[in-house]
2 protein chains.
Amino acid sequence: MKNYRLIIADDHKMFLDGLLSILESKKEYEIVLTANNGKNVAKYLDINNSKEPIDLVITDVNMPDLNGIELNKHIKSNHSKTKTLVVSMLHDSMTVQTLTKDNVDGYVPKNAEKEELLEAIESILKGEKYFSQSIKDVYLKGMFSNEQTLIESLSKREKEVLKLIAQEHTTQEIADKLFLSKHTIESYRKNLISKLEVRNLAGLTKYAIKLGLVDD
Amino acid sequence: MKNYRLIIADDHKMFLDGLLSILESKKEYEIVLTANNGKNVAKYLDINNSKEPIDLVITDVNMPDLNGIELNKHIKSNHSKTKTLVVSMLHDSMTVQTLTKDNVDGYVPKNAEKEELLEAIESILKGEKYFSQSIKDVYLKGMFSNEQTLIESLSKREKEVLKLIAQEHTTQEIADKLFLSKHTIESYRKNLISKLEVRNLAGLTKYAIKLGLVDD
DNA sequence: AATAACATCCCTGTTTTCAGGGATATCTTT
DNA sequence: AAAGATATCCCTGAAAACAGGGATGTTATT
């Protein structure tokens, strides 16, 4: 009988209990540690992993102290034998992309059936990758929308100007604020409109929000 | 020994399991039904409730078929003896306000500790109301921010124009689209700027997004 | 019946944005 | 060394937005 050692990290107590009750049905999984943040998991691995290695860390994305993305990165850099499975509520394409880039072993949304979760765990422990269809969809959507690349094509200064534009400042005001010529800001505005393929201020504002440059 | 009959509704299987495992520790709670949508709960109550009444329905907000808000409304209109407790991930002030208006008995966020959940259930079964502090905060914030009232102060037509403005249409284009004079749209734009207390298109666009009039 | 809110339209004048050209200097990458 | 991206600045003219007035008829609400 196989015996796998797992760690679960989630700051939602109720959800943790849900995972535990699902995993308790499987005798071959030993839950070595549960944590409500990534830091404690990282700490545990750093101290104890060499003695009795952890096979799999199941983690949420949004957690205090050390979130799932950072935790995955840490594990993949320092504990290469330990697999990682992300189980999360929200999944934007950026998050999925970052995680796959950091070599995460699987990603299952929280609204998945428990059967799928168990399948994901099994696959990963066998050395395969497991991504739910909805996660793949999000990933592909992110890949084939030029949105992401557009955003990345903006320089620091351009983002700065875009932010101020979205904050309802006029060209003149922005020029004064940045100690630049009015013409310079006009150029930026023009370039932004053309780069982001929008028509006017409204479009720029929407992009600024998408980029997280403005609060609302 | 008391015996309470509960129903749980949540479309997230894992979360349902979490709730179940928490409630199974309490012998006095009998889980009569679990459902992944509101409709099945409503149906069950409509058929069986008079024989053996249900004491409490624990429900998520976002569910297919019949969401938590509608389910609560249905229960409060047709099964007044059945208490309701909402357990949800996201909680905007509108949702909280609607639910309290519809006389929900409690509201606990999903990231609450299991102790708090059990306390909420106990309180409600005793006939009290239970709202987590974070829920109260959201509620109060919604009450005292003029944002909500501002949004509600917009007429249907104003919202329609605002939407088109945020979709990057010019005044002339909107006029053509709605078969109205350019001057009319200009008036709307002016009124919107003054009502929403913003300076320009950027501000209007941000409000349109907040209102959910435009996708992004 | 009166008031308020809504929807519609009009005018004038100023400011800002948008579109379309350029130019120059720096810095990085090939 | 050349090419490309970045940051900066300039100009013109048209289109659009913004500010500030007003007006009229309809529909709710009181």
Side-chain angles (χ1 to χ4, degrees), chain A residues 146-214 216, chain B residues 101 146-211 213-214 216:
Chain A
N146 45 9
E147 202 167 283
Q148 210 56 36
T149 51
L150 277 181
I151 284 171
E152 275 160 14
S153 76
L154 298 185
S155 72
K156 215 169 198 173
R157 201 56 149 172
E158 283 173 327
K159 284 183 196 165
E160 194 176 8
V161 172
L162 177 56
K163 177 181 174 179
L164 290 166
I165 288 174
Q167 282 172 349
E168 302 176 55
H169 297 290
T170 66
T171 297
Q172 187 60 63
E173 287 170 354
I174 298 170
D176 294 345
K177 196 163 286 210
L178 301 181
F179 304 107
L180 292 175
S181 157
K182 170 186 154 187
H183 301 291
T184 307
I185 308 303
E186 267 172 1
S187 293
Y188 279 118
R189 180 190 287 268
K190 197 179 14 174
N191 284 334
L192 285 166
I193 287 178
S194 125
K195 272 193 183 178
L196 301 177
E197 293 173 311
V198 296
R199 294 182 67 188
N200 57 26
L201 232 184
L204 290 180
T205 306
K206 288 192 276 183
Y207 254 103
I209 290 173
K210 236 181 285 186
L211 256 165
L213 294 176
V214 282
D216 39 30
Chain B
K101 188 172 58 67
N146 46 6
E147 202 167 282
Q148 210 57 34
T149 51
L150 276 180
I151 284 170
E152 276 159 14
S153 77
L154 298 184
S155 73
K156 216 171 198 173
R157 200 55 147 171
E158 283 173 327
K159 283 183 197 164
E160 194 177 9
V161 172
L162 177 56
K163 178 181 175 177
L164 290 166
I165 289 174
Q167 283 173 349
E168 302 176 55
H169 297 291
T170 66
T171 296
Q172 187 60 61
E173 287 171 356
I174 297 169
D176 293 345
K177 196 162 285 205
L178 301 181
F179 304 106
L180 293 173
S181 157
K182 170 186 154 185
H183 302 292
T184 308
I185 308 302
E186 269 173 1
S187 293
Y188 278 119
R189 182 189 286 269
K190 197 178 13 173
N191 284 335
L192 285 166
I193 286 180
S194 123
K195 270 193 184 177
L196 300 177
E197 293 172 310
V198 295
R199 293 184 68 188
N200 57 26
L201 231 183
L204 291 180
T205 306
K206 288 192 276 181
Y207 254 101
I209 291 173
K210 236 180 283 186
L211 257 165
L213 294 176
V214 282
D216 41 28

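In the text below, chain A, chain B and the rest are named by the order of the sequence lines, each starting its count at 1.
Checking the phosphate oxygens (OP1, OP2) of C:dT17, a side-chain nitrogen or oxygen of A:Thr171 falls inside 4.0 Å. Taking 4.0 angstrom as the limit, A:Arg157 places none of its side-chain polar atoms (N or O) nearer than this to OP1 or OP2 of D:dA7. Regarding contacts with the backbone of D:dC18, every side-chain N or O of B:Arg199 stays at 4.0 angstrom or more from both OP1 and OP2.
The side chain of B:Thr170 lies closest to D:dA17, out of C:dC9, D:dA17, C:dC6. The listed nucleotides are C:dT8, C:dA19, D:dT8; the one nearest the side chain of A:Ile193 is C:dA19. For A:His183, whose side chain is taken as the heavy atoms from C-beta onward, the closest listed nucleotide among D:dT8, D:dC10, C:dC9 is D:dC10.
Residue A:Gln172 is the one, among A:Lys190 and A:Gln172, whose nearest nucleotide of DNA chain C lies closer to the 5' end (criterion: closest heavy atom). When each of B:Asn200 and B:Glu186 is assigned the nucleotide of DNA chain C bearing its nearest heavy atom, the one mapping closer to the 5' terminus is B:Glu186.
The base of D:dC9 sits with one of its N or O atoms less than 3.5 Å from a complementary donor or acceptor on the side chain of A:Ser187.
Every side-chain contact (heavy atoms from CB on, under 4.5 Å) that A:Ala202 has, sequence neighbours left out, goes to A:Asn200, B:Glu168, B:Leu201, B:Thr205.
Between A:Glu158 and A:Arg189, none of the side-chain N atoms (NZ, or NE/NH1/NH2) sits under 4.0 Å from a carboxylate O, so this pair counts as no salt bridge. Looking at B:Lys163 and B:Glu160, no side-chain N of the basic residue comes within less than 4.0 Å of a carboxylate O on the acidic one, giving no salt bridge.
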